[in-house]
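Working notes, structure below.
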Amino acid sequence: MNASPDADAATRPFREAVVDLDAIRENVADLARLVAPAQAMAVVKADAYGHGAVPVARAALAGGATWLGVADLAEAVAIRAAGIRAPLLAWLHDPDAAFATAVERDVDLGVSSLAQLEAIVAASASVGRPARVHLKIDTGLSRNGVAPEAWAEAVAAAVRLERAGRVRVRGIFSHLANTSAEEDAAQLAAFEAALAAASAAGLAPEVRHIASTAGALRRPESRYDLVRLGIGIYGIPPFGDGTKAADLGLRPAMTLRGRVAAVRRIDAGTGVSYGHAWRADRPTTVALVPLGYADGVPRQASGRGEVWLAGARRRIVGRIAMDQFLVDVGDDAVAVGDEVVLFGDPATGAPSADDWGDAADTIGYEIVTRIGPRVPRTYVGGA
Ligand SMILES: *Cc1c(COP(=O)(O)O)cnc(C)c1O
């Protein structure tokens, strides 16, 4: 038991990103319930959007996710190395990827071209069992995936290889641009056509999937057999239209916080931080927060971002530097060592990752994903 808040604070790191694994588990459980009977894939690429891939994967599986998804094969290998056995898909490949590794570790592979399919089949020959692949059709994102005009040829090759026992086409998938209702509908129509062509040619995939969090929430017709849930499981809304996590029944999992490193009383006219981009217009107190752009605090948010400190939201003043920035606390009592929360659950009064996204002209996704390596991740919940 902590005798006082100060004793508690004294045991805290100077900077930390606290990840609440119960929030992850509950967000997954709520989303899985919403999309059922479709299955839920937890997308844990980019170190689970900065939250830590292995602990998040475990919490998501506990919440009812039946699949895991990553971009790179190396990310999938790290998940297998931690002993996690759930179905796992990787979809963005180095042209020289060691695909045999994927087959050895039971990692399903997204396939975006005939050449990629052939490389995967050639690599799996040495393993002695067929690779499991998910053929990806580009329905309009114009990013990865087989082009519609190349689809028939890729499907024909996949049918031939599957009949020869050299590959198993376990899935067919695509990705929505989340542009507008009309454009999403056009993508879904293109997906339907690709599925029909694949079925006519003789493919019978176990899972068809196209929706990420946005589609899973707003377009029930896009859920098919499986939805790939990224940002939603972290408790951050996907829409960028002012919708709050709480409106969606989701709870932000990450709290980024630190401890005040210095407090200074300044006179009217005093400039602070590089270039004196801000000068006090009255005598005031500024508090030094020991996180900067090295830690993923966007310099773009200088003068705009806010933190939660001593019971109120406080505005950043002056430029955000590599390691630190200042906030204006007026005449309030703030002490060295006080806890300062950059973002967390808005229900606590703190700003959200999305608020920082707005302050830096970006999105909540980028804010959490770019928290730097100097910030330790600590975990609560998820026992
Ligand atoms: C990142 C990603 C997702 C998850 O998207 P969210 O918007 O975070 O839910 C799903 N599918 C693919 C192919 C992705 O790259």
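Read the numbers this way: they start at 1 and go in the same order the structure lists the ligands and their atoms.
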Closest non-hydrogen protein atom to [atom], residue and atom name please, with distance?
atom                    : value
atom 11 (N) of ligand 1 : Arg228 NE, 2.8 Å
atom 1 (C) of ligand 1  : Lys45 NZ, 1.4 Å
atom 7 (O) of ligand 1  : Tyr365 OH, 2.6 Å
atom 9 (O) of ligand 1  : Thr213 OG1, 2.5 Å
atom 5 (O) of ligand 1  : Ser212 CB, 3.4 Å

So is Phe173 touching ligand 1 or not, going by heavy atoms under 4.0 Å?
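The answer is no: ligand 1 sits nowhere under 4.0 Å from a heavy atom of Phe173.
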Establish, yes or no, whether the cationic atom of Arg218 lies under 6.0 Å from the six-membered ring centre of Phe239 and within 45° of the ring axis.
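Cation-pi check for Arg218 and Phe239: passes.
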Polar contact flag, side-chain donor to acceptor under 3.5 angstrom, Asp225-Gln39
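Result is no, nothing qualifies.
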Under 3.5 Å, is there a donor-acceptor pair linking the side chains of Arg228 and His175?
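Looking only at side-chain atoms, His175 and Arg228 do form a donor-acceptor pair, the distance falling under 3.5 Å.
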Near Glu153 CD, under 6.0 Å, is it more than 12 heavy atoms from other residues, nucleotides or ligands?
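Open.
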CZ of Arg264: more than 12 outside heavy atoms within 6.0 angstrom?
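Check fails, neighbour count at 12 or below.
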Minimum side-chain heavy-atom gap Thr362-Ile367 below 4.5 Å
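The answer is yes; the side chains approach within 4.5 Å.
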Would you check the N or O atoms of Gly230, main chain and side chain alike, for any that come under 3.5 Å of an N or O of ligand 1?
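Gly230 vs ligand 1: N/O contact under 3.5 Å present.
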What I want to know is whether Ile231 and ligand 1 share at least one N or O pair that is separated by under 3.5 angstrom.
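Yes: some nitrogen or oxygen of Ile231 is under 3.5 Å from one in ligand 1.
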Go through it in stages, so that I can follow the logic: the residues are His51 and Arg377, the test is side chain to side chain contact (heavy atoms under 4.5 Å, CB included), and I'd like the CA-CA distance, side-chain angles, deciding distance and then a yes or no.
CA-CA 7 Å; His51 295 63; Arg377 272 63 169 177; over 6 Å; no
Closer than 4.0 Å to some heavy atom of Tyr49 - which atoms of ligand 1 meet that?
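By the 4.0 Å cutoff, the relevant atoms are 1 (C), 4 (C), 5 (O), 6 (P), 8 (O).
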